[in-house]
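Reading through the structure tokens given below for one structure.
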Amino acid sequence: MIVRDYGNGIKIEDVTDFHVDHIFDCGQCFRWEKNEDGSYSGIAYGRAVTVAYDDARHILQIDHASAKDFELIWKHYFDLERDYGAIKEQLAADDPVMRRAIASGSGIRILNQEKWETLVSFIISQNNNIPRIKKCIASLAEQLGESAGLYRGRMWYSLPSPEVLAKATLADLAPCRLGYRAKYLLEAARQVVAEGKEHLETLGEPGFSTEEVLEQLRSYCGVGPKVASCIALFSMGRIDSFPIDTWVKKVMSQMYGIREHDVQAMAAYAAQHFGEYGGIAQQYLFYEITHQKPVDK
DNA sequence: GCCCAGGAGAAGG
DNA sequence: CCTTCTCATGGG
């Protein structure tokens, strides 16, 4: 992987299977905003950057980042060492439904996000819609988070740490408009602090089965089967984890003929047909159904 | 007013 | 073990 430093950012050559719209608008992350030129600016691991991709030249540009940070953070964050071409080929074989879904979101990459941030984000996500989830998380960062400095003419904030959130009160969270999820969040933060932050980090390491990881995650208040699957998938590299939400239920019933509320059957179908790539398959399906144009008659 | 959103916890069988 | 009810909030 060739990385060139241009002073205030870096360019990476020969990046394929990458599209910023697919990556940042497939529901896996909530802290990236699209700029007028099509690039996205956001914050992760305490760094505010801007990401653009040249589809013709296969060049990924990360502004406000160093080559050192690329090796340390961004290479892994964007999952650049995984061969998505081969995975897409395998998933599409003998599955016309998946082939069409992959065509719509061909540049998706499963991000490796911060575990704590992902836990917080998906507790907030429950029974909520994506625009409002983004507002809640941005508000939480601005109210209680840490400053990551000035960039592109404004201040950027990380989410509050577990320690800060564990000491916060419902009144502190009131401006964020989290609704009934606020008390879940405080409860989860207190558990993370009580057991030590390392525990959450350790969960991401190999050695545990995905089922063990999901079970551990479900011990946090506000984390059930679906939210646990998202945390495992989007921050712990468990790409076999298959989150089943209302949208996936729609896809699975419409396209694969499984009864609308039969979550068990959907999980079984995913395990059998998508296997170790269930989470990636799920993202293609999710992207397609959440971006399909309404049919006008 | 209704229904819905990347659901989960609590209560009641 | 299972099913049903409830939980804030804002947009359509």
Side-chain angles (χ1 to χ4, degrees), chain A residues 21-32 101 104-105 108 110-111 113 115 117-140 143 168-192 214-236 238-239 241-255 259-267 270 274 278-296:
Chain A
D21 291 325
H22 300 167
I23 290 169
F24 295 124
D25 194 24
C26 65
Q28 63 175 324
C29 54
F30 305 101
R31 303 220 61 198
W32 294 88
S104 78
I108 287 174
I110 307 293
L111 299 174
Q113 302 179 71
K115 297 165 189 67
E117 174 180 315
T118 310
L119 173 64
V120 170
S121 298
F122 282 91
I123 287 175
I124 292 172
S125 80
Q126 68 152 292
N127 200 27
N128 210 341
N129 59 68
I130 290 178
R132 211 173 80 83
I133 296 165
K134 288 182 177 174
K135 283 184 188 172
C136 289
I137 294 172
S139 172
L140 184 61
Q143 296 289 330
T169 65
L170 287 176
D172 296 327
L173 290 179
C176 304
R177 313 299 289 163
L178 305 183
Y180 66 89
R181 307 166 194 86
K183 62 176 182 295
Y184 294 174
L185 193 53
L186 294 185
E187 183 68 28
R190 283 161 193 164
Q191 182 179 335
V192 169
L214 295 176
E215 187 183 340
Q216 290 283 316
L217 287 171
R218 269 184 262 125
S219 73
Y220 294 103
C221 182
V223 179
K226 188 271 173 183
V227 169
S229 299
C230 287
I231 299 166
L233 177 59
F234 301 135
S235 73
M236 296 178 177
R238 301 293 175 153
I239 58 171
S241 171
F242 188 82
I244 300 173
D245 71 330
T246 56
W247 294 105
V248 174
K249 285 177 187 170
K250 280 177 195 168
V251 177
M252 298 293 277
S253 62
Q254 283 175 20
M255 310 304 281
R259 287 188 301 126
E260 173 97 39
H261 301 292
D262 196 346
V263 176
Q264 277 199 333
M266 293 177 186
F274 309 142
I280 298 179
Q282 191 268 13
Q283 283 303 98
Y284 294 129
L285 294 173
F286 183 90
Y287 187 86
E288 187 188 30
I289 195 166
T290 55
H291 288 80
Q292 69 183 198
K293 301 271 186 261
V295 275
D296 44 7

Which heavy atom of A:C176 sits nearest to which heavy atom of A:Q143, and what is that distance? SG-CG, 3.8 Å
B:dG9 base to A:Y180 side chain: any donor-acceptor pair below 3.5 Å? no
Under 4.0 Å, heavy atoms only, any strand: does A:R177 hit a base, just the sugar-phosphate, or nothing? sugar-phosphate
A:C26 near the nucleic acid: base, sugar-phosphate alone, or nothing, with a heavy-atom cut-off under 4.0 Å? base
Can you work out whether A:P225 or A:N128 has the more 5'-proximal nearest nucleotide on DNA chain B? A:N128
Check every strand shown and say whether A:L178 touches a base, only sugar-phosphate, or nothing at a heavy-atom separation below 4.0 Å. nothing
On DNA chain C, compare the nucleotides closest to A:Q264 and A:K183; which residue's is nearer the 5' end? A:Q264
Does the side chain of A:K250 get closer than 4.0 angstrom to OP1 or OP2 of B:dA5 through an N or O atom? yes
Measuring to OP1 and OP2 of C:dG11, would you say a side-chain N or O of A:K135 lies under 4.0 angstrom away? yes
Return yes if a side-chain donor-acceptor contact under 3.5 Å exists between A:S125 and A:N128, otherwise no. no
Return the nearest nucleotide to the side chain of A:P243; candidates are B:dG6, C:dA8, C:dG10. B:dG6
Under 4.0 angstrom, heavy atoms only, what part of the nucleic acid is A:F234 near: base, sugar-phosphate, or nothing? base
